[in-house]
Amino acid sequence: FPPLTDVKPPSSTVPYEPEPLTELFTVAEPTPTDALFVIDNSCSMDLEQAFLAANFSVFMEHFTGSNASDLGDAWHVGVVSTDMEKPDQMGMLQAAGGNRFIDAAVAQPVAVFSEMANLGTHGSADEKGRAAAYTAIEVFGDTHNAGFYREEANLALIFISDEEDQSGDSPIALVEFISWLENLKS
């Protein structure tokens, strides 16, 4: 195509007047997101934890990549284990590098997550992921895990386990858990 400066209007007696062109774009505000990884730390999870840590950079690319620069601090990533027996686990965010959760202020988010997600394999054989997720948000949300969960943010619960959930009815039954999730943002 020739440069526009070299284009000459067609010779005619009718003057050429281009129609004005208006384009409107709607730019959505970044949607804050809190992503809670609930990771099984029972004796069979060594390889799964290693694979998760090794591939976490792909997940983080959504938040930290070149196309995500407008997300700012609109995201949090936290990790809890499925162990509801050990007092230092039981729905408590697992800290690494001085951080209880990862956000835009964390300098090396992938390295910090790798440390958080490497929970080891000495956790309870009774994998209680649902109980851990509920406890993390509802029980410890204003104390140990304060600042992670935000009412205005979307909540993503990501369960990593090789077993069925064994939470039973403690601290909340499955039907109640589903209702709690549905009403969490209303």
Side-chain angles (χ1 to χ4, degrees), residues 30-69 71-150 153-167 171-172 177 181 184:
T31 303
T33 301
D34 299 333
L36 180 64
F37 281 80
V38 183
I39 303 174
D40 182 346
N41 63 334
S42 66
C43 63
S44 61
M45 288 294 294
D46 196 37
L47 286 176
E48 287 85 349
Q49 289 179 24
F51 287 139
L52 175 62
N55 291 292
F56 184 70
S57 61
V58 175
F59 177 81
M60 282 304 297
E61 185 66 26
H62 173 73
F63 298 114
T64 62
S66 60
N67 294 330
S69 59
L71 286 176
D73 64 352
W75 54 274
H76 290 168
V77 175
V79 172
V80 297
S81 79
T82 58
D83 190 331
M84 290 298 288
E85 294 175 9
K86 291 188 178 111
D88 64 336
Q89 303 282 313
M90 299 180 70
M92 293 187 177
L93 290 173
Q94 299 303 296
N99 304 287
R100 289 193 196 270
F101 59 88
I102 302 166
D103 62 12
V106 175
Q108 300 289 328
V110 174
V112 171
F113 180 83
S114 292
E115 188 177 338
M116 287 176 172
N118 187 11
L119 297 171
T121 55
H122 299 292
S124 173
D126 293 326
E127 294 90 344
K128 297 182 178 180
R130 177 172 31 92
Y134 176 82
T135 303
I137 304 299
E138 191 66 25
V139 177
F140 293 127
D142 292 329
T143 57
H144 182 81
N145 300 339
F148 170 73
Y149 172 75
R150 299 164 296 167
N154 290 327
L155 176 63
L157 299 177
I158 303 141
F159 295 86
I160 310 293
S161 181
D162 61 351
E163 296 291 337
E164 293 289 323
D165 186 75
Q166 299 174 37
S167 296
I172 188 171
F177 179 77
L181 277 177
L184 197 58

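Side chains are part of it too, since the values below use all heavy atoms of this structure and drop only hydrogens, waters and symmetry mates.
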The single option from S81, S161, S124 passing side-chain hydrogen bond (donor to acceptor under 3.5 Å, both in side chains) against D40: S161

Check P171 against T135 and note the closest heavy-atom contact, atom names and distance. CG-OG1, 3.8 Å

If only atom types and distance count, is the side chain of K86 paired as donor or acceptor with the main-chain N or O of H122 below 3.5 Å? yes

Any donor and acceptor pair, going by atom type alone, linking the side chain of N145 with main-chain N or O of A136 inside 3.5 Å? yes

Partners of F101 by ring-ring contact (aromatic ring centres under 6.0 Å, His included), sequence neighbours excluded? H76, F148

Among L184, D142, L36, L93, find the one that has a side chain to side chain contact (heavy atoms under 4.5 Å, CB included) with Y149. L184

Backbone N/O of M92 and side chain of Q94: donor-acceptor pair under 3.5 Å: yes

Decide yes or no on side-chain contact (heavy atoms from CB on, under 4.5 Å) for M84 and D126, but give the supporting numbers first. CA-CA 8 Å; M84 290 298 288; D126 293 326; over 6 Å; no

Q108 atom CD: more than 12 heavy-atom contacts under 6.0 Å: no

Side-chain heavy atoms of L157 within contact of L181, under 4.5 Å: yes

Heavy-atom closest pair, residues P109 and W75: CB-CH2, 4.5 Å

Would you find a donor on one side and an acceptor on the other, under 3.5 Å apart, between the side chain of T82 and the backbone of E127? no

Measuring from F59:CZ to I158:CD1, what's the distance to the nearest 0.5 Å? 4.5 Å

Could you state the interatomic distance from CG (N41) to CG (N118), rounded to the nearest 0.5 Å? 10.5 Å

Separation between CD1 of I39 and CD1 of I160, rounded to the nearest 0.5 Å: 6.5 Å

Do the side chain of Q49 and the main chain of L119 share a donor and acceptor less than 3.5 angstrom apart? yes

Between D83 and G123, what is the shortest heavy-atom contact and its length? OD2-CA, 3.3 Å

As an exercise, state the distance from CZ of F37 to CZ of F113, rounded to the nearest 0.5 Å. 4.5 Å

Interatomic distance, D165 atom CG to F177 atom CZ [nearest 0.5 angstrom]: 8.5 Å

Is the backbone of A146 close enough, under 3.5 Å, to the side chain of R100 for a donor and an acceptor to pair up by distance? no

Heavy-atom pair of closest approach, residues A54 and S57: O-OG, 4.4 Å

